[in-house]
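A quick write-up on the structure given underneath.
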Amino acid sequence: MERVIIHVDMDYFYAAIEEREDPSLKGKAVVVCMYSNRGESGGAVSTSNYIAREAGIRSAMPCKLARSKDPDAVFLPVRKPFYEDVSANVMEILRSNADSEEAFEKISIDEAFLDITESCKGDYETAKEIGLRIKEEVKEKERITCSVGIGPNKLIAKMASSFRKPDGITVIGPEDAEGFLKPMPVKKLWGIGKVTEDKLSEMGISTVEELAAFDVMELISTFGKNKGMWLKQAASGIDDSPVKERTATDQIGRMASLKHDSRNENMIFSLLEELMDDVMEKVRTRKVSFRSVTVTVIFSNFKTSTKSRTLNHAVNDRDILSQNAREMMSQFLEESEINFRRIGVRVDNLHENTGQKSLFDF
Ligand code: DCP
Ligand code: MG
Ligand code: MG
């Protein structure tokens with residue numbers, strides 16, 4: 001059966017999370033900035049919502065320049081640990097929609113590949129339904145949108161997901177792949193950087209169609225064997241690389257909002273227990289152990305705070321998770337007087353369980 005691959009990329013990810021957390025941002029230009037240690041005057045734009053993009057604001061642009069493009073935009077500092085928790089929730093939704101635990105590959109904080117060949121039995125209509133279902137599930141559970149690309153390999157799926165954004169879905173069947181790629185400028189081909197783009201331009205190649213038609217021996221003599229062959233294949237829409245998680249070095253986490261902002265210990269600890277149940281279920285199905293535990297609290301004023309502990313060795317033990325997470329949560333309660341809005345628990349530093357039995361198995 002021909003493979004069917006889905007690529008999912010979250011829309012304006014960091015800014016979308018900020019919008020979700022503060023409804024008063026709706027309709028405004030939102031820019032998330034990575035400030036340097038010189039404060040607001042330094043720093044670069046991490047991302048911005050689509051309203052800000054209309055004013056010409058782009059990722060990696062100096063924040064100062066962004067401010068001059070839209071003085072009314074709302075500028076917010078990056079809250080990376082919080083975005084990582086949201087990412088972990090999204091990734092668990094995506095992983096659960098892949099053919100198997102292994103048919104999943106996270107490639108950045110906001111995107112992943114899923115092999116769904118078996119789930120859709122190679123049928124693109126069914127694949128589209130799965131794509132739409134994933135979009136719904138992410139929207140319902142995390143209240144943010146994503147864009148989905150579906151294709152016969154990772155390269156096509158990846159390029160399809162950025163074709164319609166935000167909140168888009170693009171399906172490129174095997175017979176459409178060539179036509180889809182042909183008119184694109186070579187720099188849009190996934191994997192081609194600025195240096196390669198410039199070299200190709202010197203050779204008179206500017207579109208994917210021109211690259212696909214170019215003599216492969218000439219490409220090899222300029223770029224070397226591996227890269228030369230890869231360029232020729234990629235331009236022809238060929239990509240045999242498998243969807244596969246490289247290591248279990250990512251994280252498993254869950255976050256949820258309290259029924260209402262509160263410092264009530266019963267409410268906070270019972271939600272924490274529920275979240276830990278979910279985390280442990282995933283730890284077991286993925287057959288991993290963890291070496292660190294992180295607890296996150298988002299306060300009613302939207303400030304986020306995290307505490308982490310590294311354990312002496314990797315475990316997959318519910319009691320050890322619980323003991324550490326509860327202690328850190330108690331510290332949070334002691335240290336602050338503000339109500340809690342959301343809490344999260346996460347395990348990282350994951351190790352695949354190799355043959356050795358864990359306490360849980362006995
Ligand atoms: N990011 C960053 N600095 C960059 C690019 C990205 O910090 N130069 C962060 C912020 C983004 C996140 O990574 O929200 C994901 O990057 P994407 O390229 O997927 O961009 P977005 O998700 O923000 O927008 P899009 O809707 O175009 O995917
Ligand atoms: Mg994105
Ligand atoms: Mg991305």
Side-chain angles (χ1 to χ4, degrees), residues 5-22 25-26 28-37 40 42-67 69-70 73-91 93-95 104-114 131 134-135 137-139 142-151 154-170 184-185 187-194 243 245 250-251 304:
I5 310 297
I6 289 194
H7 178 260
V8 179
D9 186 290
M10 305 307 298
D11 301 321
Y12 60 104
F13 189 49
Y14 295 2
I17 296 171
E18 297 294 349
E19 271 183 17
R20 174 188 88 178
E21 295 299 311
D22 180 359
L25 295 175
K26 262 266 163 314
K28 295 182 186 160
V30 177
V31 185
V32 178
C33 274
M34 176 79 95
Y35 293 118
S36 69
N37 49 12
E40 304 236 339
V45 172
S46 268
T47 194
S48 61
N49 67 2
Y50 282 70
I51 303 175
R53 290 181 199 190
E54 276 168 32
I57 295 174
R58 295 285 176 274
S59 289
M61 173 182 279
C63 298
K64 233 174 148 176
L65 177 58
R67 207 181 276 279
K69 289 193 179 276
D70 186 352
V74 180
F75 285 77
L76 298 168
V78 168
R79 301 192 276 169
K80 192 77 187 287
F82 177 39
Y83 310 146
E84 273 165 0
D85 288 329
V86 179
S87 169
N89 291 351
V90 169
M91 292 302 158
I93 295 172
L94 301 184
R95 185 191 297 276
F104 172 83
E105 182 178 341
K106 171 184 166 183
I107 58 165
S108 83
I109 191 166
D110 86 328
E111 53 194 291
F113 289 110
L114 288 58
I134 291 171
K135 286 166 65 68
E137 194 177 343
V138 171
K139 203 176 282 179
E142 291 301 320
R143 291 181 289 123
I144 45 180
T145 62
C146 58
S147 296
V148 166
I150 302 177
K154 284 160 66 173
L155 176 87
I156 303 289
K158 163 86 184 166
M159 293 173 68
S161 75
S162 57
F163 194 67
R164 274 186 206 97
K165 246 183 175 300
D167 205 10
I169 182 162
T170 303
M184 295 199 182
K187 70 167 177 222
K188 286 254 175 138
L189 204 58
W190 183 43
I192 290 195
K194 185 83 184 96
V243 172
E245 196 129 53
D250 57 340
Q251 44 179 251
T304 302

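As the structure lists them, so they are numbered: ligands from 1, and atoms in each ligand from 1.
For atom 28 (O) of ligand 1, the nearest non-hydrogen atom of the protein is D9 OD1, 2.8 Å. Among all protein heavy atoms, the one lying closest to atom 23 (O) of ligand 1 is T47 OG1, 2.5 Å. Ranking protein heavy atoms by distance to atom 14 (O) of ligand 1, first place goes to Y14 N, 3.1 Å.
The backbone N or O of K28 lies less than 3.5 Å from a partner atom in the side chain of N49, making a donor-acceptor pair. Side-chain atoms of R20 come within 3.5 Å of backbone N or O of E142 as a donor-acceptor pair. At least one donor-acceptor pair closer than 3.5 Å links the side chain of K135 to the backbone N or O of C146. Not one N or O on the side chain of R53 forms a donor-acceptor pair closer than 3.5 Å with the backbone of R58. A donor-acceptor contact shorter than 3.5 Å is absent between the side chain of K154 and the backbone of V243.
Qualifying side chain to side chain donor-acceptor pair (under 3.5 Å) partners for D70, counting only residues two or more places apart in sequence or in other chains: none.
Distance remark: protein heavy atom present below 4.0 angstrom from atom 3 (N) of ligand 1.
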Worked check of side-chain hydrogen bond (donor to acceptor under 3.5 Å, both in side chains) between E18 and Y12:
CA-CA 10 Å; E18 297 294 349; Y12 60 104; over 6 Å; no
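Considering backbone and side-chain atoms together, V45 places no N or O closer than 3.5 Å to any N or O of ligand 1. Here's the thing with S59: none of its N/O atoms is less than 3.5 angstrom from an N/O atom of ligand 1. Where the criterion is an N or O separation shorter than 3.5 Å, residue side chain and backbone included, I109 fails it with respect to ligand 1. No N or O atom of D11 sits closer than 3.5 Å to an N or O atom of ligand 1.
Shown are D11, T145, T170; of these, the side-chain hydrogen bond (donor to acceptor under 3.5 Å, both in side chains) with K165 is made only by D11.
Shown here is F163, whose CZ atom has no more than 12 heavy atoms of other residues, nucleotides or ligands within 6.0 Å. Taking a 6.0 Å sphere around CE of M61, one finds it holds more than 12 heavy atoms contributed by other residues, nucleotides or ligands. Crowding of K188 atom NZ: a count of heavy atoms from other residues, nucleotides or ligands under 6.0 Å not exceeding 12. The neighbour count for K187 NZ, taken as heavy atoms of other residues, nucleotides or ligands under 6.0 Å away, does not exceed 12.
Looking at D110, T145, D167, it is D110 that brings a heavy atom closest to atom 16 (O) of ligand 1. Here atom 1 (N) of ligand 1 lies nearest to S46 when heavy atoms of S46, C33, S162 are compared.
To the nearest 0.5 angstrom, F13 atom CZ is 5.5 Å from I109 atom CD1.
Counting heavy atoms closer than 4.0 Å to ligand 1, residue R53 contributes side-chain atoms (C-beta onward) but none from N, CA, C or O. Within the 4.0 Å heavy-atom criterion, the part of K165 lying near ligand 1 is the side chain and not the backbone.
In this structure, Y50 counts as a contact residue of ligand 1, since one of its heavy atoms falls inside 4.0 Å of the ligand.
Within the listing of ligand 1, atoms 14 (O), 21 (P), 22 (O), 23 (O) sit less than 4.0 angstrom from a heavy atom of F13.
Below the 2.8 Å limit, the Mg ion (ligand 3) has as protein N, O or S neighbours D9 OD2, D110 OD1, E111 OE2.
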